[in-house]
Amino acid sequence: MKKKNLKIGVLALQGAFIEHCQILKQIGVDVREIRLPGQLQQLDGLIMPGGESTTILKLMHGYGLYAPLKQLISKGFPVWGTCAGMICLAAKIKNSQQSSLQPLESMDIIVKRNAFGRQVDSFEIDLDIPVLGKRPYHAVFIRAPLIEKVGSEVEVLSKLNDGVIVAARQGNLLVSSFHPELTADTRFHQYFENIVASQRGEY
Ligand code: GLN
């Protein structure tokens, strides 16, 4: 698995993209901020950050990113959606007032927006994420969504103590309800880097 010269983009339309860029740089990835469809071609993978999914999806349509990204994903292009980014990748969104909000429908998950309550109900917790090793992973949840249902192809990576699913993978797609870019722990970014390296040249 060659990790040299991997180019990973971070969707930079709205939300916490700068923090993702900083961690990717720290682990030695060639990082690009992505705003336009033409920029997708040079990439080996993409992170869709947390923020406001309604805004991100609207801007993706406005900038002409929605259709080309959806097509690339269907060919095996690796994408990791964190928080709002996870909502954008889902097959279906629950708890969305805006009926016009159509997600990419790329991953076989149903997500519930703002599932833990309002902004004040944000929280931090140590999670067990076996694919990252034995050491607990400190996760920051900000007005987070949860994964209500997963399809048969989806691998559940982490659950809260009450059984609620908060991280999952389906082949080239990775999602997390929380914000791994807001902690100093680089293991989740390295896990995605490995997915990107293993998919390189496959699509
Ligand atoms: N509440 C936001 C949404 O529904 C997600 C919050 C986040 O990304 N931290 O899009």
Side-chain angles (χ1 to χ4, degrees), residues 8-24 31 33-35 45-63 65-66 69-70 73 78-127 129 137-150 157-160 162 164-170 173-186 188-189 191-192:
I8 299 184
V10 181
L11 192 67
L13 300 174
Q14 190 264 342
F17 57 88
I18 292 168
E19 292 82 354
H20 273 297
C21 291
Q22 281 163 349
I23 298 204
L24 289 173
V31 191
E33 287 185 10
I34 302 300
R35 295 185 179 85
L46 179 76
I47 294 179
M48 298 178 68
E52 198 52 46
S53 53
T54 43
T55 309
I56 294 174
L57 280 165
K58 256 186 220 151
L59 291 171
M60 278 176 63
H61 279 286
Y63 283 66
L65 276 160
Y66 182 93
L69 181 57
K70 188 169 167 139
I73 291 173
V79 179
W80 174 20
T82 60
C83 207
M86 167 171 107
I87 298 171
C88 297
L89 285 171
K92 198 172 164 203
I93 305 171
K94 280 200 171 172
N95 210 5
S96 186
Q97 266 87 28
Q98 269 144 301
S99 52
S100 59
L101 187 71
Q102 190 192 2
L104 285 159
E105 299 166 336
S106 300
M107 186 160 170
D108 197 5
I109 53 171
I110 298 177
V111 302
K112 190 171 172 198
R113 288 183 67 205
N114 305 330
F116 301 95
R118 300 161 65 89
Q119 198 80 17
V120 286
D121 298 310
S122 299
F123 60 99
E124 300 186 18
I125 199 165
D126 282 340
L127 281 180
I129 310 182
Y137 187 90
H138 190 72
V140 180
F141 290 78
I142 304 171
R143 216 171 157 230
L146 62 75
I147 304 171
E148 204 172 81
K149 207 167 168 210
V150 297
L157 300 182
S158 189
K159 289 180 185 176
L160 297 175
D162 58 5
V164 165
I165 304 169
V166 290
R169 177 178 173 183
Q170 182 180 353
L173 299 176
L174 180 65
V175 289
S176 52
S177 297
F178 46 92
H179 283 260
E181 78 286 7
L182 298 183
T183 52
D185 194 335
T186 58
F188 219 113
H189 286 80
Y191 180 69
F192 181 60

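Counting starts at 1 for both ligands and their atoms, in listed order.
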Provide the number and element of each atom of ligand 1 under 4.0 Å from a heavy atom of N114.
1 (N), 2 (C), 4 (O)

Hey, what do you get for CH2 (W80) to NE2 (H20), rounding to the nearest 0.5 Å?
5.5 Å

Of all protein heavy atoms, the one nearest atom 7 (C) of ligand 1 is C83 SG, 2.8 Å

Ligand 1 atoms nearer than 4.0 angstrom to some heavy atom of G50 are 8 (O)

Quick test of your reading of the model: are R143 and E52 salt-bridged, counting only N-O distances below 4.0 Å?
yes

Min over M86, R113, K112 of heavy-atom distance to atom 3 (C) of ligand 1 lands on R113

Check: S177 side chain, P145 main-chain N or O, donor-acceptor pair, under 3.5 Å:
yes

So which protein heavy atom does atom 2 (C) of ligand 1 come closest to, and at what separation?
G51 O, 3.5 Å

Under a 4.0 angstrom heavy-atom cut-off, which atoms of ligand 1 come close to I87?
3 (C), 4 (O), 10 (O)

Geometric N/O contact I142 with ligand 1, under 3.5 angstrom:
yes

In Å, rounded to the nearest 0.5 Å, how long is the span from CG of L24 to NE2 of H189?
5.0 Å

Does the plane of the ring in Y137 sit parallel, tilted or perpendicular to the ring in F178? Use 30° and 60° as the thresholds.
tilted

Numbering the atoms of ligand 1 from 1, which are under 4.0 Å from a heavy atom of S53?
3 (C), 4 (O), 10 (O)

Interatomic distance, T82 atom OG1 to L89 atom CG [nearest 0.5 angstrom]:
10.0 Å

Check for a donor-acceptor pair, side chain of K112 on one end and backbone N or O of L146 on the other, with a separation under 3.5 Å.
no

Just which atoms of ligand 1 are under 4.0 Å from any heavy atom in H179?
7 (C), 8 (O), 9 (N)

